[in-house]
Amino acid sequence: MSIKCVILAGSPSKSYMYGGEQTTSFTAKLVEEIKSGMADTEFEEIRLADVALPYCRGCYNCFYSGEQFCPHKTLMQPIIEKMKAADCLILSSPVYALHISALVKNFFDLGAYNFHRPSFFTKKAIVVSSTAGGGAATACAYMKSTLKHWGYNRVYKLPVVRMGAVEPKNNLKAKCQKLGKKLYQDTASLKLHSPTYKRIFFYQVWRIMSQKTPGPDKTHWQESGLVNRVFAPGIRLGPFKFLFGKMMHGIMGAAMKNV
Ligand SMILES: Cc1cc2nc3c(=O)[nH]c(=O)nc-3n(C[C@H](O)[C@H](O)[C@H](O)COP(=O)(O)O)c2cc1C
């Protein structure tokens with residue numbers, strides 16, 4: 001089965017000296033290996049450094065009026081539309097100062113309304129981060145957590161310590177390819193994995209919060225029909241998770257009645 005994958009590359013580096021050698025983004029090299037493990041996939045690659053998204057201005061337009069009122073919508077929305085049209089995503093970031101790059105953080109800031117209005121429930125992703133020594137696990141955990149809040153059904157992590165390497169070694173290449181194959185197979189299977197209790201909990205939080213005031217959150221939850229559901233459609237919860245979601249919705253609804 002043929003699938004579509006968007007690649008969001010979060011390294012600002014093009015060409016640089018490393019250990020006395022001229023090289024290019026190490027994280028991008030890992031992504032190339034992941035790609036080679038993915039059969040029958042059409043890729044669309046976006047280098048965040050080339051898009052040059054300006055910083056989020058904190059105007060709150062996306063939250064209260066809609067993402068179409070973001071001052072940077074002409075640069076931001078085409079990326080989001082491509083992510084929506086694709087079946088899966090590969091998001092990469094180098095570790096800078098023990099965390100994700102500012103490019104990826106700014107992308108997350110500009111897309112923060114997706115926490116309120118999750119919509120990527122049928123999509124799968126890989127998050128990959130490379131570091132000289134430390135921080136890749138933290139970076140991957142944060143990228144995964146953000147995508148899960150946006151609704152992503154499954155997110156695989158690949159934190160890599162390069163330890164002075166300019167090129168990925170063969171065993172690392174094999175690991176990347178194996179993960180690429182996994183993402184391809186999982187995406188092509190069309191199987192939607194059951195969410196964790198934590199996911200079901202957050203779903204109820206936004207489901208209730210969205211209905212408190214008129215605006216784009218309320219419209220999104222109502223028009224999509226998500227507001228009437230314990231979780232997104234087409235995803236099997238099983239009786240315990242279903243009951244948990246129902247209970248959480250009831251308890252939170254009562255607790256936030258006058259909020
Ligand atoms: C500005 C800057 C900050 C960095 N901060 C860290 C760091 O906190 N910890 C670390 O181990 N490596 C750090 N590194 C090294 C990069 O994480 C590492 O070389 C990474 O593989 C670069 O990926 P890239 O080539 O895809 O940009 C830093 C590199 C730069 C340029």
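Whatever order the structure lists them in is the order used to number ligands and atoms, beginning at 1.
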Taking only heavy atoms of [X] into account, list the atoms of ligand 1 that are under 4.0 Å away from them.
{"X": "G133", "result": "10 (C), 11 (O)"}
{"X": "P94", "result": "22 (C), 23 (O), 24 (P), 27 (O)"}
{"X": "Y16", "result": "24 (P), 25 (O)"}
{"X": "S11", "result": "24 (P), 26 (O), 27 (O)"}

Legend entry - Parallel, tilted or perpendicular, as decided by the 30° and 60° cut-offs, for the rings of H149 and F202: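 Answer is perpendicular, since the angle exceeds 60°.
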For [atom], grab the closest protein heavy atom and report residue, atom and distance to one decimal in Å.
{"atom": "atom 10 (C) of ligand 1", "result": "T131 OG1, 3.1 Å"}
{"atom": "atom 21 (O) of ligand 1", "result": "S130 OG, 2.7 Å"}
{"atom": "atom 17 (O) of ligand 1", "result": "V95 O, 2.6 Å"}
{"atom": "atom 19 (O) of ligand 1", "result": "R162 NH1, 3.1 Å"}
{"atom": "atom 8 (O) of ligand 1", "result": "L98 N, 2.8 Å"}
{"atom": "atom 5 (N) of ligand 1", "result": "A97 N, 3.0 Å"}
{"atom": "atom 26 (O) of ligand 1", "result": "T27 OG1, 2.4 Å"}

Inset, instruction - Mark yes or no: K35 above the aromatic ring of F43, with NZ or CZ under 6.0 Å from the six-membered ring centre and no more than 45 degrees from the axis. - result: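 Yes.
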Legend entry - Note: D217-R117 ion pair, threshold 4.0 Å (strictly below):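 Salt bridge flag = yes for R117 with D217.
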Inset, instruction - Step through it carefully: locate the ring centre of Y18, locate the ring centre of F26, and say whether they are under 6.0 Å apart. - result: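 So the answer is no for these two rings.
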Inset, instruction - Would you check if the distance from the ring center of Y64 to the ring center of F69 is below 6.0 Å? - result: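 They do not qualify: ring centres at least 6.0 Å apart.
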Inset, instruction - Quick one: list whatever passes side-chain hydrogen bond (donor to acceptor under 3.5 Å, both in side chains) with K124, sequence neighbours left out. - result: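 So K124 forms a side-chain hydrogen bond (donor to acceptor under 3.5 Å, both in side chains) with D186.
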Inset, instruction - Verify the neighbour count for atom NZ of K212: are there more than 12 heavy atoms of other residues, nucleotides or ligands below 6.0 Å? - result: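 Yes, NZ of K212 has more than 12 neighbouring heavy atoms, counting only those of other groups under 6.0 Å.
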Inset, instruction - Say whether L91 and M83 are linked into one hydrophobic cluster, either directly or through other cluster members, by side-chain heavy-atom distances under 4.5 angstrom. - result: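 Yes, one cluster joins them.
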Inset, instruction - Examine the side chains of K148 and T196 and answer whether a donor and an acceptor come within less than 3.5 Å of each other. - result: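 T196 and K148 do not have a side-chain donor-acceptor pair below 3.5 Å.
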Legend entry - Shortest reach to atom 9 (N) of ligand 1 by a heavy atom, considering only G134, G135, A132: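 Shortest heavy-atom distance from atom 9 (N) of ligand 1: G134.
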Inset, instruction - Return yes or no for this condition: an N or O of Y96 is under 3.5 Å from an N or O of ligand 1. - result: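 Such a contact does not occur with ligand 1.
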Inset, instruction - Give yes if a backbone or side-chain nitrogen or oxygen of A28 is under 3.5 Å from a nitrogen or oxygen of ligand 1, and no if not. - result: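 By distance alone, the answer is no.
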